[in-house]
Amino acid sequence: MVLDDLGSSLRGTLDKLRGKSRLSEEDIEEIVKEIQRSLLSADVDVSLVMELSDNIKERSLEEEPPAGTPARDFVLRIVYEELVDLIGESTELPLDEQTILLAGLQGSGKTTSAAKMAWWFSTKGLRPAVIQTDTFRPGAYDQAKEMCARAEVDFYGNPDNDDPVEIARKGLEETADADVHIVDTAGRHALEDDLIDEIEQIEGVVQPDTSLLVLDAAIGQGAKEQAQQFDESIGIEGVVITKLDGTAKGGGALTAVDQTDSSIAFLGTGEEVQDVERFEPDGFISRLLGMGDLGQLAERVERAMAETDIEEEDWDPEDMLQGQFTLNDMQKQMEAMNNMGPLDQVMDMIPGFGGGIKDQLPDDAMDVTQERMHSFSVIMDSMTDAEKEYPKAVGASQIERIARGSGTSEEQVRELLQQYKMMERTIKQFQGMGSDQEMQRMMKQMQQQGGGGGMGGMGPF
């Protein structure tokens with residue numbers, strides 16, 4: 001994910017303090033210089049970098065760490081608090097009737113963001129509608145219509161009308177029943193006068209409650225001027241940062257937030273309409289520093305269970321802790337995990353799994369794991385109900401048949417059965433556990449198993 005390099009660099013810098021109980025001024029000077037290099041490499045504005053590093057240096061030298069707190073943890077807390085303070089609060093977007101105007105240059109991801117935001121509001125029980133006013137870019141109407149169909153939200157646009165202001169006016173009338181109107185505007189390759197005039201006219205018609213600037217995470221230092229001009233034109237209350245699944249540096253988008261004295265509203269984390277997060281500064285910075293984000297993790301788990309195609313009476317995760325663990329249980333777990341999104345993003349949200357541990361994995365480790373989960377699912381689809389209910393009875397002839405039927409190898413089928421045995425052992429250890437001490441012992445054991453790769457150490461969630 002974008003900003004991973006920044007997070008990895010910051011974590012590496014702080015790791016130099018491991019084992020130290022006290023900090024010297026030389027330690028602080030070295031750490032601050034490393035932090036400056038990390039932020040500048042991520043395209044964060046120079047003035048912001050200096051302000052941030054000065055604050056970290058001053059607090060590290062003047063504040064007294066709590067008794068028994070290691071030097072690394074003390075500085076980590078300061079860096080965390082200063083980064084949270086830098087990016088400020090999340091943009092206020094009430095779960096109520098409102099109109100949101102999106103602005104930004106061409107290619108920033110406005111159209112995709114409009115559909116993603118609409119999908120997000122729909123998950124909160126509201127009825128959103130997207131109004132597409134971009135008559136400049138060929139294909140904008142078709143893209144918006146297709147994305148909104150995937151998001152299952154209302155849409156209005158008119159490919160036969162070349163007046164974006166009239167489209168905006170008509171769109172509000174045609175979607176009057178919607179609770180949330182998201183108005184997507186045209187972009188250009190640069191901040192041209194006609195673009196600004198057009199957006200100002202649309203703003204006058206739709207009277208938005210909130211205007212959001214959509215920024216590609218790769219924008220770099222150009223974010224500063226772009227943010228200033230849009231802010232002067234229509235006033236920017238918040239920023240949507242897109243394409244956070246890429247390899248761009250992302251610091252420019254953070255600079256834009258500071259430049260407009262606004263905040264971040266949403267993060268785009270992938271290509272699907274569901275790949276969007278409501279920005280929460282505490283969790284975002286926590287993930288960046290390898291500390292996890294339990295709030296986002298809980299939301300993804302809840303969404304995954306809702307999207308997993310099972311009837312409540314057919315399967316209950318708690319049943320696994322009561323009786324026999326079968327391949328059907330394992331398949332439902334895997335299906336729910338897939339619905340949570342890319343495993344590297346999920347790992348970032350788990351305290352102790354993101355950050356440092358993920359830094360040590362090969363770049364393709366998560367992709368391999370997802371492919372493995374997919375192949376396991378294909379294999380299980382080729383098994384009989386009896387085999388899935390009692391996999392221990394699967395012998396050599398059955399393995400040969402399953403491999404042939406699923407288009408996989410016998411080795412892959414055996415790997416699935418071995419994975420099942422590992423997970424079954426973990427389940428049995430959980431069954432009947434009564435004391436807190438025993439639970440702590442199990443958690444420690446699972447963490448030790450977790451370095452073995454794949455899903456073996458993760459167990460059920």
Side-chain angles (χ1 to χ4, degrees), residues 1-3 42-45 100-120 130-148 150-151 155 157 159 162 164 167-168 182-200 202-203 211-234 236 238-257 259-260 262 264-277 279:
M1 178 182 283
V2 77
L3 291 178
D43 271 341
V44 180
D45 185 66
I100 300 171
L101 179 70
L102 299 186
L105 297 186
Q106 187 169 322
S108 60
K110 290 189 307 301
T111 299
T112 302
S113 296
K116 287 181 176 182
M117 289 168 54
W119 174 85
W120 184 86
V130 172
I131 300 172
Q132 174 56 254
T133 69
D134 186 353
T135 61
F136 178 79
R137 179 171 64 90
Y141 170 84
D142 291 332
Q143 181 192 5
K145 184 177 181 180
E146 193 267 336
M147 286 290 294
C148 288
R150 282 160 55 187
F155 168 76
D162 59 2
I167 293 174
I182 302 173
V183 183
D184 181 23
T185 63
R188 303 289 192 276
H189 292 297
L191 275 166
E192 301 152 351
D193 290 341
D194 60 338
L195 169 61
I196 296 298
D197 289 343
E198 183 178 298
I199 292 176
E200 289 176 347
I202 293 173
E203 183 202 25
S211 294
L212 301 179
L213 176 62
V214 181
L215 288 174
D216 185 332
I219 189 171
Q221 297 291 337
K224 188 172 183 177
E225 180 186 1
Q226 186 182 143
Q228 280 178 325
Q229 289 189 263
F230 275 112
D231 195 32
E232 291 169 3
S233 174
I234 59 174
I236 297 298
V239 173
V240 179
I241 304 179
T242 64
K243 306 177 187 178
L244 277 165
D245 54 323
T247 57
K249 297 176 180 179
L254 300 182
T255 300
V257 173
Q259 191 63 43
T260 58
S262 60
I264 302 175
F266 287 97
L267 304 175
T269 59
E271 297 180 358
E272 300 299 323
V273 290
Q274 297 89 352
D275 294 333
V276 62
E277 291 179 13
F279 177 73

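Just so it is clear, the model here is predicted, and its values are computed rather than measured. Values below: all heavy atoms of this structure, side chains included; hydrogens, waters and symmetry mates excluded. For reference, positions follow the sequence shown, starting with 1.
Here the closest heavy-atom approach between residue T133 and residue T185 is recorded as OG1-CA, 3.4 Å. When all heavy atoms of A103 and I199 are compared, the pair lying nearest together is CB-CD1, 4.1 Å. Summarising the geometry of A186 relative to L195, their closest heavy-atom pair is O-CD1, 3.1 Å, with the distance given to 0.1 Å. Counting all heavy atoms, side chain and backbone alike, A151 lies closest to A115 at CB-O, 3.9 Å. The shortest non-hydrogen separation linking V240 to S113 is CG1-OG, 3.9 Å.
In this pair, F155 and Y141 present their aromatic rings tilted. The plane angle is within the 30 to 60° band.
Considering CD1 of I182 and CD of Q132, their distance stands at 12.0 Å, rounded to 0.5 Å. Distance check, rounded to the nearest 0.5 Å: CD1 of I264 to CG of L212 gives 11.5 Å. A distance of 12.5 Å separates CD1 in I241 from OG in S108, rounded to the nearest 0.5 Å. With values rounded to the nearest 0.5 angstrom, L105 atom CG is found 8.0 Å from L215 atom CG.
Considering only residues two or more places apart in sequence or on other chains, E200 meets the salt bridge (Lys or Arg N to Asp or Glu O under 4.0 Å) condition with none of them. For E203, the side-chain contact (heavy atoms from CB on, under 4.5 Å) partners are L101, P208, I234, not counting sequence neighbours. Applying the salt bridge (Lys or Arg N to Asp or Glu O under 4.0 Å) criterion to E272, with sequence neighbours excluded, gives R150. Scanning for salt bridge (Lys or Arg N to Asp or Glu O under 4.0 Å) contacts around D194 gives R188, with sequence neighbours left out. For the side-chain contact (heavy atoms from CB on, under 4.5 Å) test, residues two or more places apart in sequence or in another chain that qualify with K116 are T112, D275, V276. Under the side chain to side chain donor-acceptor pair (under 3.5 Å) criterion, T111 pairs with R137, D184, not counting sequence neighbours.
Between the side chain of T135 and the backbone N or O of P164 there is no donor-acceptor pair closer than 3.5 Å. The backbone N or O of D216 lies less than 3.5 Å from no partner atom in the side chain of K243, so there is not a single donor-acceptor pair.
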Could you go through V239 and F279, starting from their C-alpha distance and side-chain angles, then the distance that decides it, and tell me whether this counts as side-chain contact (heavy atoms from CB on, under 4.5 Å)?
CA-CA 10 Å; V239 173; F279 177 73; over 6 Å; no

Please test F136 against E198 for side-chain contact (heavy atoms from CB on, under 4.5 Å), starting from the C-alpha separation and ending with a verdict.
CA-CA 11 Å; F136 178 79; E198 183 178 298; 5.9 Å; no

Pair L102, M117 - check side-chain contact (heavy atoms from CB on, under 4.5 Å), show working.
CA-CA 11 Å; L102 299 186; M117 289 168 54; 4.1 Å; yes

With side-chain contact (heavy atoms from CB on, under 4.5 Å) as the test, would you mind laying out the steps for F266 and V214 before giving the verdict?
CA-CA 9 Å; F266 287 97; V214 181; over 6 Å; no

